[in-house]
Protein chains: 2
Amino acid sequence: MSDLMAEITKAMGFRHYALVHHVDLKPAARSVHIIDYPPDWVDRFQARRLYASDPIHRASHRTNVGFAWSAVQSIISLTAADRSILAEAYEAGLGDGFTVPAHIPGELNGSCSFAMAAGEMLDHRQLPLVQLVGSFAFEAARKISRIHEPEVQCPSLTERQAECVALVARGKTDWEIGQILGIGQETVIQHVKDARDRYGVTRRTLLAIRALFDGQISFADVFGR
Amino acid sequence: MSDLMAEITKAMGFRHYALVHHVDLKPAARSVHIIDYPPDWVDRFQARRLYASDPIHRASHRTNVGFAWSAVQSIISLTAADRSILAEAYEAGLGDGFTVPAHIPGELNGSCSFAMAAGEMLDHRQLPLVQLVGSFAFEAARKISRIHEPEVQCPSLTERQAECVALVARGKTDWEIGQILGIGQETVIQHVKDARDRYGVTRRTLLAIRALFDGQISFADVFGR
DNA sequence: GATGATCTCCCCAGAACTGGGGATAACGCA
DNA sequence: TGCGTTATCCCCAGTTCTGGGGAGATCATC
């Protein structure tokens, strides 16, 4: 796969690529982690755990199609820290690049990025092709990486539990949730209790965030209507 | 957008399209719902709330790249009920089709599908193009659907507040947070209180989710380490 | 030197949540 | 028919959170 990626990267006129799930532990179970970036940068990336705060990764969590790194501020607003991360990457030899996000509900977020050497320009006419290649490359890597699946699936909630958790996420009290769903407060307490048990957490706040993270509820459930 | 989609659909040799978030309530706040399917089928789809159980939708939740409907059983295993749904769609005038999933963490799942009339064949050489068009069409629709957003500028938290909220999001109690940050429990209570005030919310659960939503804290803050 | 923002700490009353223990009824599956 | 799952309801003791009220210290800015 690495060889193939290297070849494609070169053919499209790029210098580096990264086909990764956004986690820090590279030897993690079945996560994809195929990189050809300047080693210097990879080390720093790992050391500072940028996998989640890196602006490019953050932006990739906000969209469905690829984007040029130079246009990242049209997706998220950059803090001073973000700018310094980008500057540092540039120093390390990464020029402009293009990142294709890869999201599947309940799975780790990932992306496929291609980068020029520092100083070189992106060829914008090629970007649709890069988008396509990135998507399929990630999907291919994902399929390969899960051939041996022992399959740890995230806990699932019953419909009622999910409804309660969505309302918990909205900051409703158990009594309010009971009113909204037309059931007793005690019942709500029970549902929330059961949901907490399934996730193995003891606080409703973490419950809500976990449920949000793996798609049992969505931001739309929280802010919708 | 409908006109544009109709044109593109035709140009690519398809008969129908559907650019949708996977929800039942079509007039929902900011969800995408642009469809040109046989009305008969749309009605039945709504009535039976297939948005969640339809095999095509289910399959689209399992992958990142588009797939031909005729190959859906390579993604999910079809039950008898699934087969009958597919057969029904065929009866209603939907032939083979191609669905491009669209997932963004924390948002509703969606997809962009194109379908032939019943009996016609997919041109497999076109599928990469369809993949590309589907992705961008969905992203465009998504962006348009949120132009009119009330546009509330998000409150910003002080560094200490953000640290406290991140730990709140991890389900820590105020006392635990105090231990972790090396400050008194009372101080933590104050920070959380101030953070709640800034967001104008009364529950820490909603505080955590709001802070997560607009990037004051990230999932990495919650699950990292 | 005043003003505002931030961080730190304290007290209290009432509301909300958590972790135990119960119970009944409906449903599908074997 | 029994077993498991789900949904509904109840009680209670103890903990945690929320919404009020304070206060002192630092720091930058005007």
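Small disclaimer: the values here were computed from a predicted structure and weren't measured. Within every chain, numbering begins at 1; the chains are lettered A, B, ... in the order of the sequence lines, protein sequences first and strands thereafter.
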Looking at the side chain of [X], which of [options] is the nearest nucleotide?
X	options	result
Gln190(A)	dT18(D), dG19(C), dC9(D)	dC9(D)
Thr173(A)	dG21(D), dC7(C), dC17(C)	dC17(C)
Val192(B)	dT18(D), dC10(C), dT8(D)	dT18(D)
Glu186(B)	dC7(C), dC17(C), dC11(C)	dC11(C)

Geometric class of the Phe114(B)/Phe14(B) ring pair [parallel <30°, tilted 30-60°, perpendicular >60°]: tilted
Between [X] ([atom1]) and [N] ([atom2]), how many Å, whole number?
X	N	atom1	atom2	result
Arg203(A)	dA16(C)	CZ	P	17 Å
Leu207(B)	dC17(D)	CG	C1'	13 Å
Asp194(B)	dG22(D)	CG	C1'	14 Å
Ile177(A)	dC9(D)	CD1	P	14 Å
Ile189(A)	dG22(C)	CD1	C1'	14 Å
Asp174(A)	dC17(D)	CG	P	15 Å
Lys172(A)	dA15(C)	NZ	P	19 Å
Glu176(A)	dA16(C)	CD	P	8 Å

Point-to-point distance, once rounded to the nearest 0.5 Å, from CD1 of Ile56(A) to CZ of Phe67(A): 5.0 Å
From CZ (Arg170(B)) to CD1 (Ile180(B)), nearest 0.5 Å: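 Answer for the CZ-CD1 pair, Arg170(B) versus Ile180(B), is 7.5 Å.
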Sugar-phosphate only, base, or nothing, as touched by Gln185(A) at under 4.0 Å among non-hydrogen atoms: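 The answer is nothing, as Gln185(A) stays clear of every strand by at least 4.0 Å.
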Sugar-phosphate only, base, or nothing, as touched by Thr158(B) at under 4.0 Å among non-hydrogen atoms: sugar-phosphate
Taking only side-chain N and O atoms of [X], does any of them lie within less than 4.0 angstrom of OP1 or OP2 on [N]?
X	N	value
Thr187(A)	dC9(D)	yes
Arg204(A)	dC17(D)	no
Arg198(B)	dA5(C)	no
Arg196(A)	dG19(C)	yes

Test item: Thr173(A) and Arg203(B) side chains (from C-beta on) under 4.5 Å apart, heavy atoms: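 In contact.
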Along DNA chain C (nearest heavy atom to each residue), the more 5'-positioned of Lys193(B) and Arg160(B): Arg160(B)
Asp194(A)/Arg160(A) under salt bridge (Lys or Arg N to Asp or Glu O under 4.0 Å): CA gap, chis, key distance, verdict: CA-CA 11 Å; Asp194(A) 290 341; Arg160(A) 221 38 169 167; over 6 Å; no
